[in-house]
Protein chains: 2
Amino acid sequence: MRNIDIDSLEIFKAVVDCGGVTRAAVRLNRVQSNITTRVKNLEERLQVSLFHRESGKLVLTAEGQKLLTYAERLLRLSAEAEAALMSRLPSGALRIGTLESTAAARLPPLLSSYHERYPEVRIELVTGDTTSMIERVRNFDVQAAFVSEPFRADDLETCLAFSEELALIAPKNVVSITEARKLAQRTVIAFATGCSYRRILENWLSASRIMPGRVLELASYHAITACVAAGSGIGIMPRSVLKAVNAGGQVQALPLSPEFSQTRTHLVWRVGYSSLALEALQEELRRFDSD
Amino acid sequence: MRNIDIDSLEIFKAVVDCGGVTRAAVRLNRVQSNITTRVKNLEERLQVSLFHRESGKLVLTAEGQKLLTYAERLLRLSAEAEAALMSRLPSGALRIGTLESTAAARLPPLLSSYHERYPEVRIELVTGDTTSMIERVRNFDVQAAFVSEPFRADDLETCLAFSEELALIAPKNVVSITEARKLAQRTVIAFATGCSYRRILENWLSASRIMPGRVLELASYHAITACVAAGSGIGIMPRSVLKAVNAGGQVQALPLSPEFSQTRTHLVWRVGYSSLALEALQEELRRFDSD
DNA sequence: GTCTATGTTTCTCAATTTGAGAACTTCCCA
DNA sequence: TGGGAAGTTCTCAAATTGAGAAACATAGAC
């Protein structure tokens, strides 16, 4: 026993509270001798006397008083720790990865409702693309992540979170897909390489036999809309994001054929890795789904 | 072990910090097997898994993360408790009894200097008369008390704190002791019966063969001066208090013969009952004495 | 005074917990 | 395919803990 042990403190406190070894023993379901001994050991351990022993009475010393306040704090804290860990209610930190798009368009209402239900959970968001998120899940850097099809994650568990409809984003003055194709030959504006949407955009381009002149990599949907609005090129994004970033007035959305436009966002996590907070998040997703 | 024990938490934290059982063992001067076992026991105890065990690596689970923050707080707190108790520096609460007069005239500079030197000590003052203070010391209600001669306290340790010169307090218009004696036949204004100064005053009255008409018992020196100033009777108080309550303009002090006027204030405490904070107070008294 | 009720402390012994060391297992990497 | 690094399991000895009996102390009651 290198550190003070909490049991000793509990015994000590019981003696103080009950004003005696015997009653403390009753309260703690221990034997008197045990109480006496533990208190003496504690005194020896700390090299102070905690009680004045006079005429069969135990009265706290100044040192004892000092220890008592610590003992109470430690007991409270340890009880709290134990309760937090053993309780079947979510608490602690929930660190999840997410795509920019999901964070922008989908998470606000979800997380707000989640927070209301489980205020004990502190949520941390990490944004990034699908590929890097899957890596982070594997590395235990995040407990789960929202990622978008297509992705490979045979070793992870997944559940469907949201269905998205992707649209081409083009400057206002572009009126047809044909015209958009032409623009794409000049510049494509997209997230970094790991982004699923960008991969879809590239698939569409290649199906249309277009080789983009250059790719402008940006890090936020606001930046992308701004560049597209400025006529720099075309981009791709879910309609839900387009709505969320309020970009309808600046750019226009051109429909893609369903084979390209339909994509789904999943929540993924390590097999067997589940925490109460995470389970609650899945539950919350189902709740939103059924609405 | 009914409560979580801090050693287990220390081991747990070391494993997290060092990222492995082996290094944790080195850090704590324990054997690896011990670390492994304690962590497993802890997990069993709390009925959660704290680490993901995969390919010889230990990675914190969400529950583990939750425990970690508690573990850190508990370790800090217990270390602080131990340090506070074992340190040779005064800290905690120092509860001392004092006479009104001492509190008014002597303690302010003493305690202010004490506080500056030992900011960790929280001082609590209880005021009352000599008799009740001695009782409180005996009952461990206060750790020590300032009391005034004469008092009986064979079972207590004492040290001289202050020397006081008592003076009769009379209304401004009373010019001689004789006149004061006359006034005393009407009314004597004093603290409650336990007060040493009152006893001295009574001794003086009885030596002067005066039987006071009535005794007006008040609880503060300000009240006493006010009554005396109003001509209600005479009182007694140390000159130091007279100065401290700034009563010079309202009443006048008449000298008593030395056998009555000289009295001393002592600090008393239970034999063998000494705390660092109390020792420091005695030290502080000596320091003031030699100034 | 002596007795009794109520406490605390001491002592001994058995049960439990802890720690060391060696053997065993895994996985990674050259 | 054979080390090396890391974690786990096993066994045994040592330390700690808890129960119970007995000794010891004190304050009232008679």
Side-chain angles (χ1 to χ4, degrees), chain A residues 1-61 64 78 138-140 155 270-272, chain B residues 1-47 49-61 64 78 135 138-140 155 270-272:
Chain A
M1 194 100 327
R2 307 190 180 182
N3 292 283
I4 298 180
D5 84 306
I6 309 239
D7 279 350
S8 301
L9 295 181
E10 187 179 38
I11 290 171
F12 166 66
K13 176 166 156 49
V15 173
V16 177
D17 287 354
C18 304
V21 169
T22 308
R23 268 151 300 174
V26 172
R27 151 133 58 127
L28 299 177
N29 292 311
R30 288 162 182 262
V31 123
Q32 295 108 310
S33 62
N34 186 11
I35 308 287
T36 301
T37 314
R38 296 291 302 255
V39 169
K40 296 202 70 169
N41 288 351
L42 187 59
E43 288 181 311
E44 223 161 82
R45 171 71 193 355
L46 295 170
Q47 304 180 51
V48 294
S49 37
L50 298 170
F51 294 100
H52 295 292
R53 293 166 171 79
E54 275 189 28
S55 68
K57 287 270 185 317
L58 292 183
V59 187
L60 262 193
T61 61
S78 91
R138 288 214 179 91
N139 291 341
F140 299 97
D155 55 337
R270 295 183 68 102
V271 176
Chain B
M1 194 102 323
R2 307 189 179 185
N3 292 283
I4 298 181
D5 86 304
I6 309 241
D7 279 351
S8 300
L9 295 181
E10 186 178 39
I11 290 170
F12 166 66
K13 176 166 155 52
V15 173
V16 177
D17 288 354
C18 304
V21 168
T22 309
R23 266 152 301 172
V26 172
R27 157 144 39 134
L28 299 178
N29 292 312
R30 288 163 182 261
V31 126
Q32 295 107 311
S33 61
N34 187 10
I35 309 288
T36 301
T37 315
R38 298 290 302 252
V39 170
K40 295 202 72 168
N41 289 351
L42 187 59
E43 289 182 311
E44 226 160 81
R45 170 72 190 359
L46 296 170
Q47 302 180 51
S49 36
L50 300 169
F51 293 101
H52 294 291
R53 293 166 168 80
E54 275 188 30
S55 69
K57 286 271 185 318
L58 292 183
V59 188
L60 262 193
T61 62
S78 91
E135 206 45 41
R138 289 213 179 91
N139 292 340
F140 299 98
D155 55 338
R270 294 183 69 103
V271 176

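Naming convention: chains lettered A, B, ... in sequence-line order (proteins, then strands); numbering from 1 in each chain. Computed from a predicted structure; not experimentally measured.
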*Can you find a side chain N or O atom of B:K40 that sits less than 4.0 Å from OP1 or OP2 on D:dT9?*
yes

*Mind checking the CZ-CD1 spacing from B:R23 to B:I35? Nearest 0.5 Å is all I need.*
12.5 Å

*Basic-acidic side-chain contact under 4.0 Å: B:R38, B:D5*: yes

_How many whole angstroms separate atom NE2 of B:H52 from atom P of D:dG7?_
16 Å

*Whole Å only: how far is the CD atom of A:E43 from the C1' atom of C:dT8?*
13 Å

*asked:* Rounded to whole Å, please give me the gap between CG in A:N41 and C1' in D:dA15.
replied: 12 Å

*Of the candidate nucleotides C:dT18, D:dG7, C:dT9, which contains the atom at the shortest distance from the side chain of A:V21?*
C:dT9

*Please give, in whole Å, the distance from D:dA15 C1' to A:R45 CZ?*
15 Å

*If we only count heavy atoms from C-beta on, is the A:R27 to A:D17 side-chain gap below 4.5 Å?*
yes

*Does the side chain of A:V26 reach to within under 4.5 Å of the side chain of A:Q32, using non-hydrogen atoms?*
no

*Please work out which residues in residues 26-39 of chain A have a non-hydrogen atom less than 4.0 Å from an atom of DNA chain D and list them by number.*
A:R30, A:V31, A:S33, A:N34, A:R38

*Does a side-chain N-to-carboxylate-O contact under 4.0 Å join B:E135 and B:R138?*
yes

Taking only nitrogen or oxygen atoms into account, show me every contact under 3.5 Å that the protein makes with nucleotides 24-30 of chain C, one pair per line with its distance.
none

*Show your working on side chain to side chain contact (heavy atoms under 4.5 Å, CB included) between B:V39 and B:F51 and close with a plain yes or no.*
CA-CA 9 Å; B:V39 170; B:F51 293 101; 3.8 Å; yes

*Quick one: do A:F12 and A:L60 satisfy side chain to side chain contact (heavy atoms under 4.5 Å, CB included)? Show the steps, please.*
CA-CA 10 Å; A:F12 166 66; A:L60 262 193; 3.8 Å; yes

*asked:* One thing to verify: whether B:R53 and B:E43 come together as a salt bridge, which I'm taking to mean a side-chain N less than 4.0 angstrom from a carboxylate O.
replied: yes

*Between B:R2 (side chain) and A:L28 (backbone), is there a donor-acceptor pair under 3.5 Å?*
yes

*Phosphate-side-chain proximity, A:R53 and C:dT8, N/O vs OP1/OP2 below 4.0 Å*: no

*Starting from C1' on C:dA15, measure out to CE on B:M1 and report it in whole angstrom.*
14 Å

*In terms of the nearest nucleotide of DNA chain C, which residue is placed more toward the 5' end: A:G20 or B:D7?*
A:G20

